[in-house]
Amino acid sequence: MSEASVAARALALLDLTDLTEDASEAGLSSLCTRAVAAPSPVAAICIWPRFVRQARALLGDGPVRIATVVNFPEGGTAIAPVLRETEQALTEGADEIDLVLPWQAFLAGYLESPRAMVRLVKLRCGDKRLKVILETGEYPDLAQVQAAAELAIAEGADFIKTSTGKTVHSASIPAARTMLQVIGATKRPVGLKPSGGIRSLSDAASYLALADAIMGPDWATPETFRFGASGLHQVLVDVIAGGAAGQANGPY
């Protein structure tokens, strides 16, 4: 497959993200413009909850979904405010909720809070997509990644996502492989979202090749696979236009 074909495939799977501390309404407008621009729309944008209403007004009922984050980024917010934030985001037009698993509690062996949060947020989401962020770069080993993936799926996650992009260690191939193996053993459809540190066409191609090898070459669609990234969009657009496969700047 040519670089342009890989880039086009990845672009259709992209959650174009702006979760910077200085995110603004003007920046959101630019993000939405890029999300629907040629050569093709991305799968979704991923933004702070305070911008969901504006994003819905800008994107309307077009093909680009609106994802927002809750319990983000540390994963330590109490359940009640997380549920309120989820409900408000859905009311204002969010299509997808990216929830940070209370991973510190999980790693400390306190499982009921993570279980309850995923279960109750999914209850609010109904048929809207829930992606659960495991923050795998902070885990001591892949056995814990597997256990967290299994917990999130058991409580209703529609996707499991590697990272917030706000820690030193974000997405990794070993973590994604472990998560895909859990997904493959699950008896219902669940998707994967590698996020954080995916900046180049080579990065994207590596994750797609992994998904193809474990789940089959036709598995990765916007319903089952997403990339969470910000600068990757321009890299992919440039490759599709015939440019060299460079690398994006920035942390996410």
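- Within the model, atoms CH2 of W103 and CG of N71 stand 11.5 Å from one another, a figure rounded to the nearest 0.5 Å.
- Judged by distance alone, with hydrogens and angles left aside, the side-chain atoms of S230 form no donor-acceptor pair with the main-chain N or O of D18 at under 3.5 Å.
- E138 and K166 are not joined by a salt bridge, as no carboxylate oxygen comes within less than 4.0 angstrom of a charged side-chain nitrogen.
- For the pair M215/I183, a side-chain contact is recorded, criterion being any heavy-atom separation below 4.5 Å from C-beta on.
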Point to revise | From CA spacing to verdict: side chain to side chain contact (heavy atoms under 4.5 Å, CB included), V132, K161 | key: CA-CA 6 Å; V132 177; K161 176 177 171 180; over 6 Å; no
Practice item. Could you check L101 against M117 for side chain to side chain contact (heavy atoms under 4.5 Å, CB included), going step by step and ending with a plain yes or no? Key: CA-CA 8 Å; L101 184 78; M117 186 172 289; over 6 Å; no
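- Here the closest heavy-atom approach between residue C32 and residue I45 is recorded as SG-CD1, 3.9 Å.
- Side-chain contact annotation: S5 with S2, donor-acceptor N/O pair under 3.5 Å present.
- Residues W48 and L19 form a side-chain contact, since some pair of their non-hydrogen atoms from C-beta on lies under 4.5 Å apart.
- Closest approach of P114 and L111 over heavy atoms only: CD-O, 3.2 Å.
- Although no hydrogens or angles enter the test, the distance criterion places no donor-acceptor pair under 3.5 Å between the side chain of E150 and the main chain of V182.
- Formation of a donor-acceptor pair under 3.5 Å by the S195 side chain with backbone atoms of S163 is found in this model.
- Between the side chain of S30 and the backbone N or O of A26, no donor-acceptor pair lies under 3.5 Å.
- In this structure, the side chains of E92 and R56 stay at 4.5 Å or more apart for every pair of heavy atoms.
- Between R53 atom CZ and L58 atom CG the span is 13.0 Å, to the nearest 0.5 Å.
- In this structure the side chain of V100 never reaches within 4.5 angstrom of the side chain of T77, judged on heavy atoms.
- Side-chain atoms of D95 come within 3.5 Å of backbone atoms of I66 as a donor-acceptor pair (strictly under, hydrogens ignored).
- Interatomic distance, NZ of K193 versus CZ of F225, reported as 11.0 Å (0.5 Å rounding).
- Taken together through direct or relayed side-chain contacts under 4.5 Å among Ile, Leu, Val, Met, Phe, Trp and Tyr, M1 and W219 form part of one hydrophobic cluster.
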Exercise for review: Mind running side chain to side chain contact (heavy atoms under 4.5 Å, CB included) on L192 and T224 for me, showing each step along the way?
Suggested key: CA-CA 6 Å; L192 176 73; T224 57; over 6 Å; no
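- L16 has its side chain within reach of R34: a pair of non-hydrogen atoms, C-beta onward, lies under 4.5 Å apart.
- Nearest heavy-atom pair across F159 and R226 is CE2-CG, 3.7 Å.
- A salt bridge is absent between E96 and K128; no separation between the charged side-chain nitrogens and carboxylate oxygens falls under 4.0 Å.
- For the residue pair D98 and A67, the shortest heavy atom distance occurs at OD1-CB, 4.1 Å.
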Review point. When you look at R65 and E223, which way does the salt bridge (Lys or Arg N to Asp or Glu O under 4.0 Å) test go after all the steps?
Key: CA-CA 11 Å; R65 300 172 180 89; E223 303 306 310; 2.6 Å; yes
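- Inter-residue side-chain proximity for L99 and F72 is flagged as unmet; no heavy-atom pair is nearer than 4.5 Å.
- L11 approaches P39 most closely through the heavy-atom pair CD2-CG, 3.8 Å.
- Here the side chain of Q104 pairs a donor or acceptor atom with the backbone of E74 at under 3.5 angstrom.
- A donor-acceptor contact closer than 3.5 angstrom is absent between the side chains of D15 and T17.
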Exercise for review: Apply side chain to side chain contact (heavy atoms under 4.5 Å, CB included) to the pair R177 and I214, showing each step before the final yes or no.
Suggested key: CA-CA 8 Å; R177 180 182 296 111; I214 294 176; 3.8 Å; yes
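- Rounding to the nearest 0.5 angstrom, the gap separating the CG atom in L90 from the CD1 atom in I97 is 4.5 Å.
- Contact of the L210 side chain with the S206 side chain is not registered, since no non-hydrogen atoms from C-beta on lie closer than 4.5 Å.
- We find the CG-CD distance between L151 and Q144 to be 11.0 Å, quoted to the nearest 0.5 Å.
- Not one N or O on the side chain of T186 forms a donor-acceptor pair closer than 3.5 Å with the backbone of R188.
- Using modelled atom types, no side-chain atom of Y139 and backbone atom of A148 make a donor-acceptor pair closer than 3.5 Å.
- Counting only distance, with no hydrogens or angles, the side chain of D158 and the backbone of L130 share a donor-acceptor pair below 3.5 Å.
- Looking only at side-chain heavy atoms (C-beta outward), T167 and E135 come within less than 4.5 Å of each other.
- Q54 places a side-chain N or O within donor-acceptor distance of the main-chain N or O of E25, the cut-off being under 3.5 Å.
- Each of V145 and Y110 belongs to its own hydrophobic cluster when Ile, Leu, Val, Met, Phe, Trp and Tyr are linked at side-chain heavy-atom distances under 4.5 angstrom.
- The existence of a salt bridge linking R119 and E112 is confirmed by a sub-4.0 Å separation between a basic side-chain nitrogen and an acidic carboxylate oxygen.
- Taking every heavy atom of both residues into account, L180 and A211 meet most closely at CD1-CA, 3.8 Å.
- M179 CE to L142 CG: the interatomic distance, rounded to the nearest 0.5 Å, is 11.0 Å.
- A side-chain donor-acceptor contact under 3.5 Å links S200 and D203.
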